[in-house]
*Asks:* 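First the structure, then my questions, so here it is.
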Amino acid sequence: MEPNEVLGNVFDIERYATEDGPGIRTVVFLKGCPLSCKWCSNPESLRTQTDILYYKNRCVRCNKCVENCPEHAISDSDKYGLVTDMQKCTLCGLCVRECFYDARKFSGKSMTAGEVIQAVLKDKLYYDGSGGGITISGGEPFAQPDFLEAILKLARKNGISTAVETGGMICASDKLDKILPLLDIVFIDVKHVDAEKLKEQVGADRDIILANVREICCKHKNIILRIPCIPGFNHSKEDISEIFSFINTLGESCKRVELLPYHRLGREKYACLGREYRMGETQQLDKEALAGYIELGEKMGLSVFIGAV
C-alpha cells in the first residue's frame, strides 16, 4: 500500500502550535494509548476507535438522541447526563445528527495519511519561515505505527520537518528502525523510574518503557526528555533526582530535559465521556513551583528548562 493510502484515526489537528517543537508547527493528534495516566489531558485519545463526546451544559433534554439510538447505547446519568456506552455504540451518527444544540460530537476521524499531509501543507510557508514543521502526538503515536510511518514519509517527501511525542510504551518496537530515521526531533516522556508508581498511576510497565527510552537514545541524536511534574506522583526533589539520575545514564545526546507543570485543562473532557477525573481537586502547578529542579538538574550536568503550563 502506498503511504498516502494508509488509514488511521485522528482526533485533532492543531495549527499554529508553538510549544511542541521549534518554530510554528501543526500538531496531529492520533487516537489510541496503552497507558492510563491519572492526569491525562486528552482522555478521548485512549481508545483507538472513535468516541462520542457529550456536552451536558448544551443539552436541553429533548431526548432525541435517546429516541433515535438503534442500539439503546445512551443512558441518563445523574452526574454526567446522557452519555454514550461506546461498547454498544456502532457510530451510526444518528444521535449527533439529531442534536440541534450541538451537545454531541464525534471525537476521532478516519483519515488517510495523504489527507493528513494535505491539511499540514496549508501552512508550509509558516514552517519554512520559522523553522517549524509537523509534530505527531496523541495518545501514543506508536499505537498506530503504520499510520505514523506513512505520515512521516509523506512529510519528508514534501520537505516538512518532523517530530513525535511518545510516552515510551512502544509495544511495536520492531517499527523503531523504520520510524526513527524519519524524525528530526523525538520528545520522550520519562514520568518516573519507580515500577510500582508507574504501574499504579500510569498503567505502565517500567522495564518496557525504560528499555524503549534507552533504545531511542542510542539510535537518535536529537532528543528532548520530558518530565510531567505531577503532585502526589513525582513532584518532589527525591523523585525528580531519581529521574535525572536515570537520564544521566542515557548518553551525551540525551541531556536536554523539559519539565511540564501539571495542569487541569483536560478535566472537563472526562465528564463529556462519562468518566471520573481521577486527580480530583489537585491544584495546578506554575513555573515557579518547578524552578528548584532547574538548579538540581544543572548540578547533575543536565540542561533543564520549563515548558508551557
Side-chain angles (χ1 to χ4, degrees), residues 11 20 29-49 51 136-145 148 164-173 175-176 186-217 223-247 249-250 254 257-267 269-270 273 275-285 289-290 293 304 306-309:
F11 73 90
D20 299 271
F29 294 88
L30 307 189
K31 278 180 67 67
C33 185
L35 303 180
S36 56
C37 304
K38 288 177 65 174
W39 56 88
C40 179
S41 59
N42 292 322
E44 75 275 37
S45 74
L46 298 182
R47 290 174 11 106
T48 305
Q49 300 82 6
D51 287 293
I136 313 297
S137 188
E140 170 54 67
F142 282 90
Q144 298 188 60
L148 171 62
V164 73
E165 298 174 336
T166 175
M169 193 66 180
I170 304 167
C171 299
S173 58
K175 291 285 185 177
L176 281 176
V186 181
F187 294 94
I188 316 175
D189 276 9
V190 182
K191 299 176 174 70
H192 217 301
V193 292
D194 182 274
E196 289 187 13
K197 286 188 175 182
L198 280 171
K199 191 68 175 178
E200 177 187 349
Q201 298 199 42
V202 179
D205 185 311
R206 179 194 63 180
D207 294 339
I208 291 176
I209 286 182
L210 297 191
N212 286 333
V213 172
R214 290 186 185 280
E215 182 175 0
I216 293 170
C217 288
I223 292 171
I224 296 177
L225 296 154
R226 284 175 162 173
I227 305 175
C229 297
I230 312 298
F233 175 64
N234 64 6
H235 179 37
S236 72
K237 185 176 180 180
E238 179 182 1
D239 288 325
I240 297 299
S241 180
E242 289 179 0
I243 298 171
F244 284 167
S245 294
F246 166 72
I247 291 172
T249 69
L250 299 175
C254 298
V257 181
E258 181 179 14
L259 305 175
L260 302 176
Y262 165 69
H263 63 75
R264 296 157 57 87
L265 298 180
R267 183 185 183 191
K269 296 180 184 178
Y270 286 82
L273 291 163
R275 301 177 194 165
E276 181 182 359
Y277 183 61
R278 293 186 292 157
M279 292 297 290
E281 298 302 318
T282 304
Q283 294 302 302
Q284 295 190 156
L285 297 178
L290 308 185
Y293 299 148
V304 181
I306 300 175
V309 177

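The shown structure was predicted, so the numbers you read here are calculated from the model rather than taken from an experiment. For the single chain, residues carry numbers from 1 onward in sequence order.
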*Asks:* Which heavy-atom pair separates Pro261 from Leu290 by the least distance, and what is that distance?
*Replies:* CG-CD1, 3.7 Å
*Asks:* Within the 4.5 Å heavy-atom criterion, are Trp39 and Pro231 side-chain neighbours or not?
*Replies:* no
*Asks:* Please identify each residue that fulfils ring-ring contact (aromatic ring centres under 6.0 Å, His included) with Phe11, with sequence neighbours left out.
*Replies:* Phe29
*Asks:* Taking only residues two or more places apart in sequence or in another chain, which ones pass salt bridge (Lys or Arg N to Asp or Glu O under 4.0 Å) with Arg267?
*Replies:* Glu281
*Asks:* How would you list, by chain and number, every residue that makes a side-chain contact (heavy atoms from CB on, under 4.5 Å) with Lys197, sequence neighbours excluded?
*Replies:* His192, Asp194, Phe233, Asp239
*Asks:* Would you check, one step at a time, whether the test side chain to side chain contact (heavy atoms under 4.5 Å, CB included) holds for Asp205 with Ile209?
*Replies:* CA-CA 6 Å; Asp205 185 311; Ile209 286 182; over 6 Å; no
*Asks:* Which residues pass the side chain to side chain donor-acceptor pair (under 3.5 Å) test with Gln144, not counting sequence neighbours?
*Replies:* none
*Asks:* Given side chains that start at C-beta, do those of Ile247 and Ile227 come closer than 4.5 Å, heavy atoms only?
*Replies:* yes
*Asks:* What distance do Arg226 atom CZ and Phe187 atom CZ have between them, rounded to the nearest 0.5 Å?
*Replies:* 5.0 Å
*Asks:* What distance separates Met169 CE from Phe142 CZ, expressed to the nearest 0.5 Å?
*Replies:* 14.0 Å
*Asks:* Using the side chain to side chain donor-acceptor pair (under 3.5 Å) criterion, which residues pair with Asp189? Sequence neighbours excluded.
*Replies:* Lys191
*Asks:* Using every non-hydrogen atom in the two residues, find where Leu260 and Gly307 come nearest and quote the distance to one decimal.
*Replies:* CD2-CA, 4.3 Å
*Asks:* Does any N or O in the side chain of Glu242 come within less than 3.5 Å of the main-chain N or O of Val193, such that one atom is a donor and the other an acceptor?
*Replies:* no
*Asks:* For Glu165 and Asp20, work out which heavy atoms get closest and say how close.
*Replies:* OE2-OD1, 2.5 Å
*Asks:* Would you give the length of the straight line joining atom SG of Cys217 to atom CG of Leu225, rounded to the nearest 0.5 angstrom?
*Replies:* 5.0 Å
*Asks:* Could you pull out the closest heavy-atom pair between Pro228 and Val190, with the gap in Å?
*Replies:* CD-O, 4.5 Å
*Asks:* Determine whether a donor-acceptor pair (N or O, by modelled atom type, separation under 3.5 Å) exists between the side chain of Asn42 and the backbone of Gly139.
*Replies:* no
*Asks:* Between the main-chain N or O of Pro43 and the side-chain N or O of Arg275, is there a donor-acceptor pair closer than 3.5 Å?
*Replies:* yes
*Asks:* With rounding to the nearest 0.5 angstrom, report the CD1 to CD1 distance, Ile170 to Ile216.
*Replies:* 4.0 Å
*Asks:* Looking at CG of Leu176 and OG1 of Thr166, how far apart are the two atoms once the value is rounded to the nearest 0.5 Å?
*Replies:* 8.5 Å
*Asks:* Please report the interatomic distance NE2(His263) to CG(Leu285), rounded to the nearest 0.5 Å.
*Replies:* 10.5 Å
*Asks:* Quick one: ring-ring contact (aromatic ring centres under 6.0 Å, His included) partners of Tyr293, sequence neighbours excluded?
*Replies:* His235
*Asks:* Check Ser36 against Arg278 and note the closest heavy-atom contact, atom names and distance.
*Replies:* O-NH2, 2.6 Å
*Asks:* If I compare all heavy atoms of Cys33 with all of Ala143, which pair ends up nearest, and what's the gap?
*Replies:* N-CB, 4.4 Å
